[in-house]
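Written out below as structure tokens is the structure these notes cover.
Below, chains carry the letters A, B, ... as their sequence lines are ordered, and counting in each starts from 1. Note that this is a predicted model, so its numbers are computed, not measured.
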Amino acid sequence: MASQLTMQEEELRRGQWLEEEDERLSMMVGVFGERRWDALAKTSGLKRSGKSCRLRWLNYLRPNLKHGHITADEERLIIRLQKQFGNKWSKIAKQLPGRTDNEIKNYWRSHLRKKTLIYKQGLLENTLLVDIVSVP
DNA sequence: AAGGGAACCAACCGCTATCTA
DNA sequence: ATAGATAGCGGTTGGTTCCCT
């Protein structure tokens, strides 16, 4: 909300993307492909860094992304893979079609990490962790 | 009812890896 | 071979929303 954005034309924008920025970015990716993000950003007229454009595309605009809630199956898979690989979010994301590394990382931090933390503090029974972690 | 902290999540940062000319 | 450009990764932050008491 706090937007009396009197930005100077040359400066890069930060923060949330506007719908019109998304549309322009999608159009530019159609022309450039998913690469050369700096060049794309510069010629697009968007006041965003190439890095920011890339992130926005990969995590939000890219086709075939699921945006809804993580399902129970997905949650179990995330827990299992995190246990197996550690915080290798990109590697984990490859096993979850339509999900991004960022989304999984966020999910882990906000929903799942506390479960193992609680376990480590000895406040959960072992059997409960087994239930959480090793569902087939 | 309100205000303060927790939770959530998109986006940013620093850094490394990989590519390309 | 190599330097600069580009892509990718994972930790972290900041703004908003959601509980609580």
Give the rounded distance in Å between these two atoms: [atom1] of [X] and [atom2] of [N].
{"X": "A/W57", "N": "B/dA10", "atom1": "CH2", "atom2": "P", "value": "17 Å"}
{"X": "A/R109", "N": "C/dG11", "atom1": "CZ", "atom2": "P", "value": "8 Å"}
{"X": "A/K105", "N": "B/dC12", "atom1": "NZ", "atom2": "P", "value": "13 Å"}
{"X": "A/D22", "N": "B/dA10", "atom1": "CG", "atom2": "C1'", "value": "12 Å"}
{"X": "A/E103", "N": "B/dA11", "atom1": "CD", "atom2": "P", "value": "13 Å"}
{"X": "A/Q16", "N": "C/dT13", "atom1": "CD", "atom2": "P", "value": "18 Å"}
{"X": "A/R56", "N": "B/dC9", "atom1": "CZ", "atom2": "C1'", "value": "12 Å"}
{"X": "A/R14", "N": "C/dG15", "atom1": "CZ", "atom2": "C1'", "value": "13 Å"}

Please check the phosphate of B/dC12 (OP1 and OP2 only) for any side-chain N or O of A/S52 closer than 4.0 Å.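 True: A/S52 side-chain N/O within range (under 4.0 Å) of B/dC12 OP1/OP2.
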Check whether any side-chain nitrogen or oxygen of A/R48 sits under 4.0 Å from OP1 or OP2 of B/dC12, and answer yes or no.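 So the side chain of A/R48 is within the cut-off, an N or O lying under 4.0 Å from OP1 or OP2 of B/dC12.
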Rounded distance [0.5 Å steps], [atom1] in [X] versus [atom2] in [Y]:
{"X": "A/L77", "Y": "A/Q95", "atom1": "CG", "atom2": "CD", "answer": "6.5 Å"}
{"X": "A/D101", "Y": "A/I92", "atom1": "CG", "atom2": "CD1", "answer": "10.0 Å"}
{"X": "A/N87", "Y": "A/R109", "atom1": "CG", "atom2": "CZ", "answer": "9.0 Å"}
{"X": "A/R36", "Y": "A/K42", "atom1": "CZ", "atom2": "NZ", "answer": "10.0 Å"}
{"X": "A/S49", "Y": "A/D38", "atom1": "OG", "atom2": "CG", "answer": "7.5 Å"}
{"X": "A/R35", "Y": "A/R54", "atom1": "CZ", "atom2": "CZ", "answer": "14.5 Å"}

Side chain of A/N106, base of B/dA10: donor and acceptor closer than 3.5 Å?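 Looking at the base of B/dA10, it does pair with a donor or acceptor on the side chain of A/N106 (distance under 3.5 Å).
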Nucleotide opposite C/dA1 in a Watson-Crick or G-U pair, distances under 3.5 Å: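 Across any shown strand, C/dA1 pairs with none.
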Taking A/E74 first and then A/K66, would you say they form a salt bridge - that is, a charged N and a carboxylate O separated by under 4.0 Å?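 So A/E74 pairs with A/K66 through a salt bridge.
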By the 4.0 Å heavy-atom rule, please label A/G50 as base, sugar-phosphate, or nothing.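 Nothing, no heavy atom under 4.0 Å.
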Touch check for A/N102, heavy atoms < 4.0 angstrom, all strands: base, sugar-phosphate only, or nothing?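 Here A/N102 touches the bases of the nucleic acid.
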Sub-3.5 Å pairs of nitrogen or oxygen atoms, protein against nucleotides 6-9 of chain C:
{"from": "C/dA7", "atom 1": "OP1", "to": "A/R36", "atom 2": "N", "distance (Å)": "2.3"}
{"from": "C/dA7", "atom 1": "OP2", "to": "A/R36", "atom 2": "N", "distance (Å)": "3.0"}
{"from": "C/dA7", "atom 1": "OP2", "to": "A/W37", "atom 2": "N", "distance (Å)": "2.8"}
{"from": "C/dG8", "atom 1": "OP2", "to": "A/R54", "atom 2": "NE", "distance (Å)": "3.2"}
{"from": "C/dC9", "atom 1": "OP1", "to": "A/S90", "atom 2": "OG", "distance (Å)": "2.5"}
{"from": "C/dC9", "atom 1": "OP2", "to": "A/S90", "atom 2": "OG", "distance (Å)": "3.4"}

